[in-house]
Amino acid sequence: MNHEMPKLPYANNALEPVISQQTIEFHYGKHLQAYVNNLNNLIKGTEYEGKNLVEIIETAPEGAIFNNAGQVLNHTLYFLQFKPNPERKEPSGKLLEAINRDFGSFDEMKKQLNAASVGLFGSGWGWLAMDKEGKLSIRQEPNGCNPAKHGLKPILCIDVWEHAYYLDYQNRRPDHVNAIWDIIDWDAVEKRM
Ligand code: MN
């Protein structure tokens, strides 16, 4: 299976000022492209060649194939969860019901995901994830890991590798994490449940 770049449903400058055109050009155009190229080269002739990203993450040991597959899945979910000027800034329907049940309120979930993302030491990701019973949780995943490694469904993510925000926010990771909520495409996120 040849893994491909996700097609962005917005222009490179459409998420400004939250994410600049320059960051999209490097983060999507260079970093993600490199993960896709690396993964396609690494899996050639291996048992992972016919597997999809989740299957690779579930079965590959820690190492280059796992890391690159994780980053391709993580960034595909990341870049496809954004939209310029979304009509609504909050989830609705079943996702909102689950958030209220498991966190008390949307604001509390946001607070916990922000804290997990800001507090992650080094490179990695903050996640909202769902278990097989439908229960939501906040997770910190280091490096290229994804909640799928733990049998959980990835719902929403915040990339806190420095390449995600350094051009726009330098060391101000909390400002980047707070700003991300203005461009979430809740229709896309709710479909992941
Ligand atoms: Mn990234």
Side-chain angles (χ1 to χ4, degrees), residues 3-43 52-54 56-58 60 62-84 86 110 113-129 138-150 152-185 188-189 192:
H3 298 278
E4 288 178 8
M5 291 283 284
K7 292 231 175 352
L8 293 185
Y10 42 80
N12 283 359
N13 64 355
L15 302 181
E16 292 187 347
V18 177
I19 300 175
S20 70
Q21 175 170 350
Q22 197 189 15
T23 290
I24 293 286
E25 285 169 359
F26 277 91
H27 194 189
Y28 172 82
K30 307 277 186 204
H31 288 274
L32 177 53
Q33 184 70 64
Y35 294 130
V36 169
N37 294 346
N38 289 342
L39 179 63
N40 285 328
N41 289 328
L42 286 162
I43 58 177
N52 67 34
L53 293 171
V54 170
I56 296 174
I57 290 158
E58 285 170 345
E62 299 257 337
I65 289 179
F66 174 80
N67 289 337
N68 283 282
Q71 286 292 68
V72 174
L73 178 61
N74 293 347
H75 286 91
T76 298
L77 292 165
Y78 179 78
F79 286 113
L80 297 182
Q81 70 184 6
F82 298 135
K83 169 181 201 181
K110 230 168 115 170
L113 181 49
N114 282 355
S117 303
V118 170
L120 190 145
F121 189 79
S123 295
W125 296 75
W127 288 94
L128 176 67
I138 300 294
R139 298 191 60 88
Q140 290 179 324
E141 299 291 351
N143 304 314
C145 198
N146 184 286
K149 183 75 185 167
H150 317 285
L152 301 170
K153 199 183 281 184
I155 305 289
L156 177 68
C157 55
I158 302 182
D159 185 349
V160 291
W161 284 58
E162 284 185 346
H163 67 218
Y165 61 86
Y166 214 82
L167 291 172
D168 302 334
Y169 298 83
Q170 293 80 47
N171 59 315
R172 291 174 286 116
R173 185 193 284 190
D175 292 354
H176 170 69
V177 166
N178 281 324
I180 280 290
W181 298 95
D182 283 336
I183 52 169
I184 300 292
D185 179 354
V189 172
R192 296 174 181 170

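Atoms within a ligand are numbered from 1 in the order they appear, just like the ligands themselves.
In this model, a donor atom of one side chain and an acceptor atom of the other lie less than 3.5 Å apart for Asp159 and His27.
Counted within 6.0 Å of CD on Glu62, heavy atoms from surrounding residues, nucleotides or ligands total 12 or fewer; the atom is thus considered open.
Every residue two or more places apart in sequence or in another chain that forms a ring-ring contact (aromatic ring centres under 6.0 Å, His included) with Tyr169 is listed here: His176. Checked against ring-ring contact (aromatic ring centres under 6.0 Å, His included), His150 has no partners two or more places apart in sequence or in another chain. With sequence neighbours excluded, the residues satisfying side chain to side chain contact (heavy atoms under 4.5 Å, CB included) with Pro86 are Lys83, Lys89.
Shown here are the protein N/O/S atoms lying under 2.8 Å from the Mn ion (ligand 1), water excluded: His27 NE2, His75 NE2, Asp159 OD2, His163 NE2.
The distance between the ring centers of His75 and Tyr35 falls below 6.0 angstrom.
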